[in-house]
Amino acid sequence: MRMYSTMLLAVLAAATTLSEACFAETPAPVAVKVTVVRAGKLVDVISGRLLSDQIIVIENERIKSVGPADTAAIPAGAEVIDLSKATVLPGLIDVHTHLTSDPTIHGYKSLGVSNIRAALYGARAARVTLEAGFTSVRNVGADGFGDVALRDAINDGEIPGPRMLVSAIPLGIKGGHCDENLLPADFDFTAKGVADGPWPARAKVREMVKYGADLIKICASGGVLSKGDTPGAQQYTLEEMKAIVEEAHKLGRKVAAHAHGTSSIRDAILAGVDSIEHASLVDEEGIKLARERGTFFSMDIYNDDYILSEGEKVGFLPESLAKERAIGQLQRDNFRKAWKGGVRMAFGTDAGVYPHGDNARQFAYMVQYGMTPMDAIRAATINSAELMGWKDSVGSVSAGKFADLIAVDGDPLQDVTRLTKVAFVMKGGQVVKKQ
Ligand SMILES: [Zn+2]
């Protein structure tokens with residue numbers, strides 16, 4: 001045995017020497033692409049200040065340095081991108097998208113769309129979203145793992161799109177918001193994410209992780225766009241949500257909870273979820289709990305406009321329109337209360353309910369309901385990066401992070417609607433859009 005071990009070690013040592021020798025004979029050329037961006041103005045989301053005349057040096061896909069133009073040296077041979085007349089910001093982040101959902105197909109019309117067709121639609125939505133300046137998104141709900149395929153195709157460079165974290169299929173109770181309730185019992189159809197009870201719910205978490213989920217999405221309450229349920233009514237129990245959160249966290253996945261109703265928001269926070277989506281009917285207790293526990297809110301306060309103006313045309317059920325009319329304004333008012341109450345805000349819009357690429361329209365509402373433009377921009381950059389677990393790689397223009405940059409004309413800190421007209425987008429050092 002000992003003899004065998006010695007021989008094995010000798011063979012391994014020889015193999016190592018051989019591979020080192022091969023490596024030494026053919027040194028791999030390490031090409032470093034250096035790009036320099038001249039920024040007339042730069043929104044520094046970390047200090048909360050607007051900086052003038054900055055030089056951003058990029059090596060391959062990451063930012064090497066950021067500094068004032070009068071002291072920074074431009075490396076020889078660098079490609080220079082002149083944005084000296086524009087305002088540069090970090091790439092924006094939307095933590096609540098449905099890239100595989102077509103906003104013109106809702107309600108019964110959606111039953112005719114296969115999961116494969118939805119994934120192909122998602123390829124278009126991913127490009128449109130990236131070109132609108134959103135260089136990272138969290139996709140929180142897609143049927144049939146279309147979001148996993150989309151993320152992988154983007155990461156493999158096959159199609160353009162934002163960096164993605166995906167939840168795969170959302171978990172929920174039978175007959176709840178995350179089930180499919182459009183068909184009568186004759187069809188005997190239940191959505192793939194349905195799991196009732198703590199252990200079936202744990203098993204469903206494991207299944208989503210097995211097939212590629214980066215995070216877990218659950219439906220803690222009823223919803224607006226589903227049939228036969230009530231947004232204010234709790235669906236998952238505290239016991240079920242505790243089991244889901246424990247299982248997901250154990251496997252290194254965060255949990256996003258769809259929760260409109262007051263008690264569902266409270267119980268989801270108590271169960272330890274990482275973000276509350278919608279948070280429409282939050283009360284003082286929910287706000288206090290979220291503040292104390294650092295739970296992020298992701299409140300989609302733009303899309304009511306689209307649902308109510310386009311709703312009938314795109315197939316929303318009459319009951320969905322009624323539910324939206326009942327809680328849309330309450331959600332906006334509660335956004336103001338939650339922000340004033342010290343809740344950490346991410347930027348989530350429910351893109352896919354409304355047209356992809358219009359994500360930045362929500363900024364104006366966040367400002368109208370109590371944020372400064374800088375607060376709103378921070379929600380869509382450093383805050384959302386933190387919620388995604390990516391604060392060391394995206395969310396600010398800082399040395400060491402991915403070179404995900406956008407630029408707009410004028411000053412978005414004076415007029416936040418400037419962010420709806422992004423003129424330049426760079427993702428990982430590659431120019432995606434330049435006007
Ligand atoms: Zn959603």
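Order of appearance sets the numbers: ligands from 1, and atoms from 1 within every ligand.
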Problem set entry | Near-ring test His278/His96, centroid separation under 6.0 angstrom |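 When the ring centroids of His96 and His278 are compared, they turn out to be within the sub-6.0 Å range.
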For this session: Evaluate the side-chain proximity of His260 to Ile265: yes if any heavy-atom separation is below 4.5 Å, no if none is.
Result: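 The answer is no, as the side chains (C-beta and beyond) never meet within the 4.5 Å cut-off.
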For this session: Using a strict 4.0 Å threshold on nitrogen-to-oxygen distance, state whether Asp53 and Lys41 make a salt bridge.
Result: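 Answer for the salt bridge query: no.
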For this session: Answer yes or no: is there an ion pair linking Glu246 with Lys250, defined by an N-O contact shorter than 4.0 Å?
Result: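 No, this pair does not count.
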For this session: Report yes or no: does His278 have an N/O/S atom closer than 2.8 Å to the Zn ion (ligand 1)?
Result: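 So His278 does not count as coordinating the Zn ion (ligand 1).
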Problem set entry | His96, N/O/S atom nearest the Zn ion (ligand 1) |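 Among the N, O or S atoms of His96, the one closest to the Zn ion (ligand 1) is NE2.
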Exercise. Once rounded to 10°, what is the value of the angle centred on the Zn ion (ligand 1) between His98 NE2 and Asp350 OD1?
Worked result: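 Centred on the Zn ion (ligand 1), the NE2/OD1 angle is 80° (to 10°).
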